[in-house]
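Structure first, commentary second.
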Amino acid sequence: MGNWLAKVVAVAILALVGKCYSQENVVVYDTWEMRMQGPDEQSVSNPFTDVSLTALFSLESLTFNVSGFYDGNGEYVIRFMPNKEGTWSYKVHSNEGVLDGKKGSLIAKKSSQLPVSRGVARAGKGQAFYYDDGTPFYPLGTTCYAWVHQPEGDELENTTLESLRNSPFNKLRMTVFPKYYPFTHHEPRYYPYKGVYRPNNNCSWDFSRFNVEFFQHLEKRVKQVQDLDVIPELILFHPYDGGHWGFDRMSQNCPYGTGGSWCDNFYLRYVVARFSAFRNVWWSMANEWDIVRSKNVSDWDRLFKTLQDSDPYNKERSIHNCVQYYNHSQPWITHVSLQGHAVSQLNMTYSTWVADTPKPVVWDEVEYEGNITYGWGNMNGEQEAQRGWEAYTNRVFMAGHSNTDLPAIDTLNCSNPNNLTCNAIMWWNKGDILRGESPDRLHFLRSVMMDGPTYDDLSSSTLFYDPNPVYMISTKDKRFVLVYWANQTYSNGGSLNTTAQLQSVNLEISPDEEYTVDFIDYWNMNTKPLPAPKKGSDSFPFKPNTWNFILRLRAN
């Protein structure tokens, strides 16, 4: 009897120890993680669906209800990103007794070290982005869609990270699911779900069981991108599967729930639980949403609501188009993401969605610098850089860079990009070495942007066409004026249109100011001083001597 009582007491003590109150020091805007042992695949039928796990974090009137996730081998994880200094308390809730009731506190302190001290980059109340500390954020983005999914492995991925480290880009668009598309026909290193791959659109996946090795690998790379102070923008859905794996049509093949939505929602909640506590993560609901044939507009609306409800940190949410536009005025859209490069598209965007619901506009795809035969991938560096200046002078962020230079070794094999043996390595699809002439020019553009007012303090206009457009951005008080004589007439590799058609402008300026005037040479990446107007003048007439002339006036 005594031995029996001792065993009962010992079990009770162990249970209490497992739920004891702990206290840890954490950094504001950094990721805190708690790992717990619980039921594994032998203990319950399906740990992903059978075990519920959340934690409530509280500081004064602030509360965050955070979902946990299963990470394999009986291990469960809760991640949290504190956004304020103080002592946060937490308590775990689960339908499994071994996990339920754990509690503790986190002493969160601000860091003085960049980049973590700035916080999260978000859309402001107007057309600009800001970090939580008020510092303006100027997204300059590039795309490496499936760089984490290639069988070439760590060597290729590490080269990609090193290229990104040495690049000017601070936002990277990348897919969660692998991609099966022209130039890209390899099987991935890992599949996102448990199941069996079979060729000829005959795969068998269990959409209720994630392959944690896939997500651990993706997570590793997302962290490394964040460590470079780059935004990893995760593209949650895309159409570049064609049924090869069936990840683009889960809702059509979902055996759970009703209406096929269960699988999509389950996937979204798992991804949010794993990645939302990483400071730099942004969400792109889909790339070319309008050609994901398995979903309609109401499906996308529902998925956005799921994403918004699941993410306690309210990270950036957008959706990227092919030819049809989503309703970007919806409250769950934090900024407008566009594929395109026409100013008429931007004018439509402002009048249709942004006028009544102000939010930033981002060109996330403007066609790419490269040499492939597709029209979206054969611009030269000059054209790609000019797209950036057209973006700036129309108050849109240029985040649509990529490179599609086809390696010479792949020219013959990829003469038909749909050839299943065509698996060329380009920055756009697989990463590797960043090539091209535009990245340095785009870096220079960002430095000019950061040296001027934010988009919230600027207005933009098209002064006239002659026949190419002349764009202007300026502050209301005219203390800052920038004019761009854009060239949109190309021949034989981007040669400029005749300068005989250039027209002068007569710019309104403030008579109370003394100005510094300079010519911005975007290609050679420097500025040259120009004669300034006399103080007391209320106008400044000027005629450039070349196309792609950028004139800047700044009050001293």
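Below, all heavy atoms of this structure are taken into account, side chains as well, without hydrogens, waters or symmetry copies.
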CE on Met34 to NZ on Lys102, rounded to 0.5 Å: 7.5 Å
Under the criterion salt bridge (Lys or Arg N to Asp or Glu O under 4.0 Å), I'd like the reasoning laid out for Arg221 against Glu219: C-alpha separation, chi angles, the key distance, then a yes or no. CA-CA 5 Å; Arg221 297 311 188 191; Glu219 189 175 277; over 6 Å; no
Residue set satisfying salt bridge (Lys or Arg N to Asp or Glu O under 4.0 Å) with Lys179, at least two apart, ordered chain then number -> none
Residues Lys125, Asp456; criterion salt bridge (Lys or Arg N to Asp or Glu O under 4.0 Å); working and verdict: CA-CA 9 Å; Lys125 295 181 179 180; Asp456 286 339; over 6 Å; no
Any residue meeting side chain to side chain contact (heavy atoms under 4.5 Å, CB included) with Asp301, in chain and number order, not counting sequence neighbours: Val297, Tyr326, Gln330, Trp332
Only pairs at least two apart or in different chains count here, so list each side chain to side chain donor-acceptor pair (under 3.5 Å) that has a residue in residues 350-363. Gln345-Trp363
Are there over 12 heavy-atom neighbours, none belonging to Asn166, within less than 6.0 Å of that residue's CG? yes
Quick one: salt bridge (Lys or Arg N to Asp or Glu O under 4.0 Å) partners of Asp206, sequence neighbours excluded? Arg209
Rounded to the nearest 0.5 Å, the OG atom of Ser89 sits from the CZ atom of Phe57 at a distance of 9.5 Å
Determine the interplanar angle of the His149 and Phe214 rings, folded into 0 to 90°, and report it as parallel if under 30°, tilted if 30 to 60°, perpendicular if over 60°. parallel
Can you check salt bridge (Lys or Arg N to Asp or Glu O under 4.0 Å) on Glu85 and Lys110, steps first, answer last? CA-CA 6 Å; Glu85 280 192 308; Lys110 287 184 178 179; 5.0 Å; no
Euclidean distance, Asn46 CG relative to Lys194 NZ, rounded to 0.5 Å: 11.0 Å
Below 4.5 Å, heavy atoms only, C-beta onward: do Phe64 and Pro82 meet side chain to side chain? no
Under the salt bridge (Lys or Arg N to Asp or Glu O under 4.0 Å) test, residues paired with Asp132 that sit two or more places apart: Arg122
Mind checking what makes side chain to side chain contact (heavy atoms under 4.5 Å, CB included) contact with Ser261, not counting sequence neighbours? Asn265, Arg302
Tyr267, Phe210, Trp205, Phe266 screened by ring-ring contact (aromatic ring centres under 6.0 Å, His included) with Tyr193, the one that passes: Phe210
Salt bridge (Lys or Arg N to Asp or Glu O under 4.0 Å) with Glu365: which residues, sequence neighbours excluded? none
Any disulfide (SG to SG under 2.5 Å) involving residues 47-100? Give me the pairs, sequence neighbours left out, ordered by first then second residue. none
State, with a plain yes or no, whether a side-chain heavy atom of Arg317 is found less than 4.5 Å away from one of Trp282. no
Phe397-Tyr455 aromatic ring centre distance below 6.0 Å: yes
Sequence neighbours left out, what passes disulfide bond (SG atoms under 2.5 Å apart) with Cys203? Give chain and number order. none
Under 3.5 Å, which donor-acceptor pairs link side chains of residues 246-253 to any protein atom two or more places apart or in another chain?
residue: Asp248; atom: OD2; partner: Gly242; partner atom: N; Å: 3.1
residue: Asn253; atom: ND2; partner: Arg249; partner atom: O; Å: 3.4

Sequence neighbours excluded, which residues qualify as side chain to side chain contact (heavy atoms under 4.5 Å, CB included) partners of Leu62? Asn83, Lys84, Trp88
Residues 217-263 vs disulfide (SG to SG under 2.5 Å), sequence neighbours excluded, gives Cys254-Cys263
With Tyr240 as partner, the option from Tyr180, Trp428, Phe177, Tyr181 fulfilling ring-ring contact (aromatic ring centres under 6.0 Å, His included) is Tyr181
Side-chain touch Val92/Thr54, heavy atoms, less than 4.5 angstrom: no
Is the shortest heavy-atom distance from the side chain of Pro39 to the side chain of Tyr76 under 4.5 Å? yes
Could Lys295 and Phe237 be counted as a cation-pi pair, given that NZ or CZ must be under 6.0 Å from the ring centre and within 45° of the axis? yes
